[in-house]
Amino acid sequence: VVPSKEVMAKRKETLNNARLYSQSVLSFRLPQKMQMTYMLDQKINNIVWQARWEKLFSKVFQNLEPYGLFVFDIYLWHYFEHTQKQSSDLVLTDQEAVISSWKEKKWIYDCKITSFNKTEEELYTRRDFVQSYQTFTIPQIKKMLHEFAEVRVLDWKGRKQSKKLDHYVVVAQKGW
């Protein structure tokens with residue numbers, strides 16, 4: 001499930017054997033049950049508000065076959081706290097300049113980004129946007145995944161979670 005037809009076209013290039021559907025990740029409908037649902041690239045953190053996370057988890061659960069897997073990766077608050085302490089960032093290249101700054105309020109982290117991109121006419125176009133990220137503790141995430149028979153939180157090498165890490169893989173398995 002991808003958010004737009006433009007994203008779908010890009011993903012088709014790299015995932016040519018996958019079936020992709022251009023729908024909202026919060027209210028998708030698929031023509032068949034899936035054996036596995038995988039969220040790419042920490043997109044779970046982009047879903048802001050707990051009710052939306054719970055809705056997504058329930059929707060994925062409904063669309064899985066018995067014993068199906070839901071796999072996603074997530075950044076925890078440690079990551080955002082560290083990133084936020086760097087507060088602002090400036091990236092300069094020949095073609096663009098990007099300025100970003102962070103703000104936190106109740107476990108929602110907003111990254112305000114201003115970019116200047118060079119055009120063919122040697123002018124720059126300005127683009128402003130805010131990207132919001134939400135995170136929860138591992139116990140909160142497990143509670144939201146209550147419909148699943150088993151939930152495991154692993155590091156990137158498949159080992160059990162460690163309190164030192166700020167980026168995990170969550171594997172939730174549906175029961176019969």
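We count residues from 1, following the sequence as given.
- Side-chain contact check for Leu20 versus Val7: every heavy-atom pair is 4.5 Å or farther apart.
- Classification of the Tyr75-Tyr79 ring pair by plane angle, with boundaries at 30° and 60°, yields parallel.
- Counting only heavy atoms from C-beta outward, the side chains of Glu147 and Ser58 approach each other to under 4.5 Å.
- At a threshold of 4.0 Å, the pair Glu54-Arg52 does not count as salt-bridged, since none of the basic side-chain nitrogens sits closer than that to a carboxylate oxygen.
- Among Leu56, Val170, Val60, the one residue that satisfies the side-chain contact (heavy atoms from CB on, under 4.5 Å) test with Met39 is Leu56.
- Lys10 places no side-chain N or O within 3.5 Å of a backbone atom of Lys5 that could act as its donor or acceptor partner.
- No side-chain N or O of Thr93 forms a donor-acceptor pair with one of Glu96 less than 3.5 Å apart.
- No more than 12 heavy atoms of other residues, nucleotides or ligands shown are found within 6.0 angstrom of CD on Gln35.
- Within the 4.5 Å cutoff, no side-chain heavy atoms of Thr125 are placed close to those of Leu123.
- Checking side-chain atoms of Gln62 against main-chain N and O of Lys59 turns up no donor-acceptor pair under 3.5 Å.
- Taken from CG in Asn45 to CZ in Phe136, the straight-line distance is 10.0 Å, to the nearest 0.5 Å.
- For the pair Leu76 and Thr135, the tightest heavy-atom approach, listed with the atom from each and the gap, is CA-OG1, 3.4 Å.
- Although no hydrogens or angles enter the test, the distance criterion places no donor-acceptor pair under 3.5 Å between the side chain of Glu150 and the main chain of Arg152.
- Using a 3.5 Å distance cut-off with no hydrogens or angles, the side chains of Thr114 and Asp128 do pair a donor with an acceptor.
- Taking the ring centroids of Trp107 and Tyr133, they lie at or beyond the 6.0 Å cut-off.
- Within the 4.5 Å cutoff, side-chain heavy atoms of Val25 are placed close to those of Ile47.
- A chain of hydrophobic side-chain contacts below 4.5 Å, direct or via other Ile, Leu, Val, Met, Phe, Trp or Tyr residues, connects Leu69 to Tyr38.
- Of the inter-residue distances, the one linking Tyr109 atom OH with Lys103 atom NZ reads 13.5 Å to the nearest 0.5 angstrom.
- Residue Lys12 places its NZ atom among more than 12 non-hydrogen atoms of other residues, nucleotides or ligands, all under 6.0 Å distant.
- To the nearest 0.5 Å, the span separating OG on Ser27 from NZ on Lys55 amounts to 5.0 Å.
- The CG atom of Leu154 sits 11.0 Å away from the CG atom of Leu165 when rounded to the nearest 0.5 Å.
- The CZ atom of Arg127 lies 8.5 Å from the CD1 atom of Ile113; values are rounded to the nearest 0.5 Å.
- Under the 3.5 Å distance criterion, the side-chain polar atoms of Gln173 are left unmatched by any main-chain donor or acceptor of Phe70.
- Cation-pi geometry between Lys174 and Tyr67 is not met at under 6.0 angstrom from the ring centre and within 45 degrees of the axis.
- Remark: Lys118 pairs with Gln95, Glu122, Tyr124 by the side chain to side chain contact (heavy atoms under 4.5 Å, CB included) rule, at least two apart or across chains.
- Proximity of a side-chain donor or acceptor of Lys33 to a complementary backbone N or O of Asn63 within less than 3.5 Å is not detected.
- Counting only distance, with no hydrogens or angles, the side chain of Glu13 and the backbone of Asn16 share no donor-acceptor pair below 3.5 Å.
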*Verdict with supporting geometry, Met34 and Glu65, side-chain contact (heavy atoms from CB on, under 4.5 Å)*: CA-CA 6 Å; Met34 298 289 138; Glu65 291 180 351; over 6 Å; no
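- The shortest side-chain heavy-atom distance between Phe72 and Ile141 falls under the 4.5 Å cut-off.
- Placement of Trp53 and Val48 in two distinct hydrophobic clusters is found when ILVMFWY residues are connected by side-chain heavy-atom separations under 4.5 Å, directly or transitively.
- The shortest distance between side-chain heavy atoms of Val153 and Lys142 falls below 4.5 Å.
- Residues forming a side chain to side chain contact (heavy atoms under 4.5 Å, CB included) with Thr14 (at least two apart in sequence, or on another chain): none.
- Here the side chain of Ser24 pairs no donor or acceptor atom with the backbone of Phe28 at under 3.5 angstrom.
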